[in-house]
Amino acid sequence: MFRTKKELKEKILARLSPEFPVSPAELELTPTPDQKLGDLALSLAFPLARKLKTSPRVIATRAAELLSGIEGLERVEVAGAGYINLYLDRQKFFREKYSSLRKTGLEAEETKIIVEHTNINPNKAAHVGHLRNACLGDTLVRCLRYKGEKVEVQNYIDDTGVQVVDVVFGLMELEKKTLADLERVEGRFDYYCWDLYTRVSRYLAENQAAQTRKAAILKKIEHGESPEADFAFQVSRRILRAHLATMKRLDISYDVLPCESSILRLKFWEKAFARLRDSGAIHYSTSGETAGCWVMPLEDEPEREKIIVRSDGTVTYVGKDIAYQLWKFGLLGQDFYYEPFLKDNGRTVWISTASPTAHQVHFGAGSKVYNVIDVRQSYLQKVVVQGLKALGYQQQAEKSIHFSYEMVALSPRSLAEIKVDLAAEDKDKAFLEVSGRKGVGIKADDLLDRLEEKALEEVNRRNPDLTLATRQQIARQIAAAAVRYFMLKYARTSLLVFDFDEALNFEGETGPYLQYTAVRLRSIFRKFEERFDRSFQEFIAGLSPDQVNLSALDGDEARDFWDLVVYACGLDEEVLRAIATLEFSGLAKYTFNLCQKFNSYYHHYPVLAEKDQERQNLRLLTIHFIHEILCQALHLMGIQVPEKM
RNA sequence: GCGCCCGUAGCUCAGUUGGAUAGAGCGACUGACUACGAAUCAGUAGGCCGCAGGUUCGAGCCCUGCCGGGCGCACCA
């Protein structure tokens with residue numbers, strides 16, 4: 001019996017290759033359009049027909065003969081113009097899959113993978129655009145870990161950048177606040193800064209003279225001078241805590257928070273610069289527009305050169321990013337120092353510092369790096385990769401993956417709800433891209449609050465007997481599931497136009513629908529225990545699939561059972577596809593379809609009311625099987641299953 | 001100007017790296033709660049897959065051109 005599709009492929013290849021010129025790459029096992037046509041199909045007769053100048057039908061017939069008798073296959077048939085359809089041995093297949101529940105047939109390929117995501121400027125509240133980033137990033141992390149990879153999650157904190165500078169400018173120059181005043185700001189600090197940041201952006205646009213002061217603040221923050229740097233530190237740390245709290249609502253966490261301030265103080269850039277200069281990756285420009293700058297020629301546009309160091313000697317964003325990417329691969333020959341920032345479920349989240357600490361922890365030095373950043377940064381990400389190549393790190397360049405995704409925009413209806421003043425040029429657009437600077441955006445916590453509120457109403461109505469704390473807990477889980485599924489259901493390359501009505505929906509293709517399916521399943525387990533007065537887990541543990549005879553099922557049930565089981569067994573493949581394509585909408589859709597199939601199944605086939613013992617056992621085994629797989633799929637998407645809902 | 005992305009049912013979107021009859025959800029219309037939970041299920045209607053060529057046994061998917069929309073191409077980050 002083969003354990004995985006890969007094993008089956010190998011067996012097929014072994015049978016066919018003596019007679020037919022087939023390569024492993026050409027051999028594709030696809031699902032059939034209908035169960036009547038078998039479980040898996042090979043279409044290799046068509047390309048072979050061209051090569052061998054024979055009819056596909058003749059090739060398929062001979063191939064089917066060669067394939068007969070493979071263990072685990074019941075029969076092989078030729079259909080249509082030349083499809084080879086494989087029928088699995090259902091009893092053996094189910095037995096094999098059931099006994100290997102919770103064991104994936106997948107294996108790690110890297111020594112350590114770094115996934116960087118979230119990366120919100122610590123100067124304002126998180127919004128829906130950031131949620132898309134964090135949900136995609138966290139799901140990637142979960143999929144990689146499911147596959148068996150060792151993953152380190154990094155959340156880069158630009159605590160000395162211009163966005164923080166803007167807020168510091170606002171606090172010092174517009175609000176005239178002291179550091180002590182800052183402590184006394186009431187309410188949500190990230191919300192306060194959200195409004196302030198918008199005001200500052202507008203003010204700076206209208207008062208060019210203020211740029212001088214802003215530039216001075218930037219310099220002081222970069223050099224760690226008081227009190228500006230203290231303001232920046234206060235603001236960024238407080239907002240960072242707010243961001244982490246927001247992400248925790250979605251069950252998203254991090255291993256380490258590398259800070260821009262540490263990179264500056266530890267002079268990561270100076271090291272990277274020396275390397276880039278000495279290797280000739282960048283050179284000093286003496287003529288033209290870039291005179292006085294250190295520049296890097298671009299691979300595909302040799303006539304253009306990207307400025308890495310400005311003529312005033314300061315380094316650009318890309319330059320710093322190259323240094324940071326080198327650190328991620330352990331190529332800088334230097335690490336940060338670290339200290340604990342907070343505890344999350346007993347696990348420490350570390351933050352970088354520039355001064356030595358007593359903690360012996362190390363991060364970075366991955367063999368593969370995923371940077372989750374929206375599509376607008378594609379060009380700059382390409383330049384960063386080119387920097388690695390120019391330094392001779394070909395392999396690392398190939399393993400620097402820009403996980404890009406489209407932006408989040410707001411529908412006109414959503415815009416109307418948040419009551420933001422729109423610029424004249426933005427008024428007539430079909431949608432508007434979220435922008436922290438313009439204050440155009442749905443704050444993540446506002447969205448979650450509204451979802452929780454709505455979920456709580458529903459829970460109150462359905463489960464009034466539960467304690468308030470329990471009902472609130474359930475509402476939180478439902479709200480998180482709604483957001484997470486919403487962020488995954490759309491392809492990453494398509495622009496997500498946020499609409500409240502869709503995001504607040506709990507019916508149909510939504511996170512709560514998935515949870516509901518799992519909750520009802522567990523409800524059957526619970527009812528089983530009440531009705532038969534025995535532990536479901538013990539009962540299941542004592543039930544072996546070997547004892548169960550699938551022929552106890554009649555035609556319709558056999559068909560529906562099989563359809564469900566085969567589909568459920570596609571999870572591993574779905575996860576691999578998600579990782580390979582960095583696309584999770586398929587995983588989301590797969591899980592949703594699994595739920596639909598399952599809801600339909602148990603609607604048709606009552607479990608506890610079934611009188612025939614053998615059939616009941618088989619149904620119990622089936623729903624237990626599906627439940628296990630469903631829970632794994634939900635876990636991959638970061639969706640929790642409430643007790644009741 | 002150059003580069004990247006999107007265009008599929010009234011709306012929002014899937015479509016498994018070229019496979020058999022293009023699928024979901026929402027909305028609309030019919031039915032099903034004295035039932036292992038109706039946040040559910042069963043069903044009906046709804047399609048020049050932006051347009052035009054090409055590649056081949058086969059194209060929503062690949063190539064070319066065009067149309068429409070978005071985003072990049074800073075001594076900003």
Side-chain angles (χ1 to χ4, degrees), chain A residues 28 30-34 37 41 43 45-47 49-50 55-56 79-83 85 121 158 161-163 165 260 289-295 298 300-301 304 306-312 314 316-318 320-321 374-380 382 404 406-407 409 411 429-431 433 455 458-459 462-463 478 489-491 493-497 499 501-502 505-510 512-513 515-517 519-521 523-528 530-531 570 573-574 577 580-581 583 585-586 588-590 592-593 595-596 599-600 602-610 619 623 644-645:
Chain A
E28 223 180 322
T30 55
T32 56
D34 191 291
L37 294 168
S43 54
F46 299 106
R50 185 160 60 239
S55 88
Y83 291 98
N85 293 333
N121 271 300
D158 188 1
V162 290
Q163 293 212 22
V165 170
E260 170 84 2
E289 286 181 345
T290 58
C293 301
W294 286 87
V295 298
L298 295 179
D300 18 348
E301 310 164 83
R304 275 188 52 230
K306 181 70 193 167
I307 293 168
I308 304 296
V309 179
R310 304 184 189 100
S311 52
D312 66 0
T314 56
T316 59
Y317 167 71
V318 201
K320 281 187 279 191
D321 229 24
D374 77 60
V375 67
R376 290 171 297 183
Q377 302 247 20
S378 297
Y379 171 71
L380 293 170
K382 243 172 92 177
S404 91
E406 261 293 349
M407 325 171 286
S411 69
K429 294 190 175 171
F431 54 83
E433 157 195 355
E458 301 279 337
V459 176
R462 289 156 216 258
N463 297 286
I478 293 173
K489 73 189 279 193
Y490 303 104
T493 49
S494 70
L495 182 83
L496 200 167
V497 181
D499 187 83
D501 288 348
E502 283 170 32
N505 187 21
F506 293 165
E507 291 169 13
E509 196 191 339
T510 66
Y513 171 90
Q515 290 178 309
Y516 184 71
T517 307
V519 166
R520 282 187 61 181
L521 247 167
S523 169
I524 298 175
F525 302 159
R526 197 169 47 237
K527 282 274 161 45
F528 171 91
E530 287 168 11
R531 205 170 291 186
E573 211 178 333
E574 213 58 58
R577 201 196 327 279
T581 58
E583 182 55 77
S585 61
K589 187 69 99 179
Y590 163 82
F592 171 69
N593 287 338
C595 285
Q596 273 198 323
N599 281 327
S600 173
Y602 76 65
H603 189 263
H604 282 102
Y605 307 106
V607 178
L608 302 182
E610 175 58 43
R619 287 181 190 168
I623 65 169
K644 294 188 171 183
M645 65 188 282

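A, B, ... follow the sequence lines: proteins, then strands. Residue 1 opens every chain.
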Planes under 30° and centres closer than 5.5 Å, is that true for A:Phe46 with the base of B:G58?
no

For [N], take OP1 and OP2 only and decide whether either is under 4.0 Å from a side-chain N or O of [X].
X	N	result
A:Arg50	B:G18	no
A:Lys382	B:C73	no
A:Ser523	B:G37	yes
A:Tyr516	B:A39	yes
A:Gln377	B:A77	no
A:Asn599	B:C41	yes
A:Arg520	B:A38	yes
A:Tyr513	B:C41	yes

Checking all strands, does [X] fall into the base, sugar-phosphate, or nothing category for heavy-atom contacts under 4.0 angstrom?
X	answer
A:Val309	nothing
A:Glu574	nothing
A:Val607	base
A:Ile478	base
A:Lys320	nothing
A:Asp158	sugar-phosphate
A:Leu380	base
A:Val295	nothing
A:Met645	base
A:Ala41	base
A:Ala291	base
A:Glu289	base
A:Ser600	sugar-phosphate
A:Leu495	sugar-phosphate

[N] to [M] separation - [atom1] atoms, rounded to the nearest Å:
N	M	atom1	value
B:U8	B:A42	C1'	27 Å
B:G31	B:G54	C1'	50 Å
B:C13	B:C71	P	16 Å
B:C41	B:C5	P	37 Å
B:A24	B:A9	P	15 Å
B:C66	B:G1	P	11 Å
B:U17	B:U21	C1'	23 Å
B:C62	B:U30	C1'	43 Å

Over all atoms of both residues, closest heavy-atom pair of [X] and [Y]:
X	Y	result
A:Ser585	A:Lys489	CB-O, 3.4 Å
A:Ser311	A:Ala291	CB-O, 4.1 Å
A:Tyr513	A:Cys595	CE2-CB, 3.6 Å

Interatomic distance, [X] [atom1] vs [N] [atom2] [rounded to whole Å]:
X	N	atom1	atom2	answer
A:Glu502	B:A24	CD	C1'	14 Å
A:Ile307	B:C75	CD1	C1'	5 Å
A:Asp501	B:C26	CG	C1'	10 Å
A:Lys306	B:A77	NZ	C1'	11 Å
A:Glu458	B:G37	CD	P	18 Å

If we only count heavy atoms from C-beta on, is the [X] to [Y] side-chain gap below 4.5 Å?
X	Y	value
A:Leu380	A:Asp321	no
A:Leu37	A:Tyr83	no
A:Ile478	A:Gln515	yes
A:Asn599	A:Tyr516	no

Given that both distances must come in under 3.5 Å, which nucleotide forms a Watson-Crick or G-U wobble pair with [N]?
N	result
B:G25	B:C11
B:A52	B:U64
B:C57	B:G19
B:C33	none
B:C71	B:G3
B:G47	none

CG (A:Leu298) and NZ (A:Lys306) are apart, to the nearest 0.5 Å, by 8.0 Å

Rounding to 0.5 Å, atoms CD1 (A:Ile307) and OG1 (A:Thr316) come to a distance of 8.0 Å

Could you check whether any side-chain N or O of A:Arg462 sits under 3.5 Å from a backbone N or O of A:Met645, counting only pairs where one atom can act as donor and the other as acceptor?
no

Considering only [options], which nucleotide approaches the side chain of [X] most closely?
X	options	result
A:Phe431	B:C13, B:G70, B:C71	B:G70
A:Phe592	B:C6, B:A24, B:U12	B:A24
A:Thr32	B:G23, B:A20, B:A39	B:A20
A:Glu509	B:G37, B:A24, B:C26	B:A24
A:His604	B:A42, B:A74, B:A39	B:A42
A:Pro47	B:C41, B:G70, B:G19	B:G19
A:Gln596	B:G72, B:C41, B:G19	B:C41

Between A:Ile524 and A:Arg304, which is nearer to the 5' end of RNA chain B once each is assigned its nearest nucleotide?
A:Ile524

On RNA chain B, compare the nucleotides closest to A:Gly161 and A:Pro31; which residue's is nearer the 5' end?
A:Pro31

Could you tell me whether the side chain of A:Ser494 has a donor or acceptor atom within less than 3.5 Å of a complementary atom in the base of B:C6?
no

Check: B:A77 base within 3.5 Å donor-acceptor of A:Asp321 side chain
no

Since syn is defined as within 90° of 0, does B:C33 count as syn or as anti?
syn

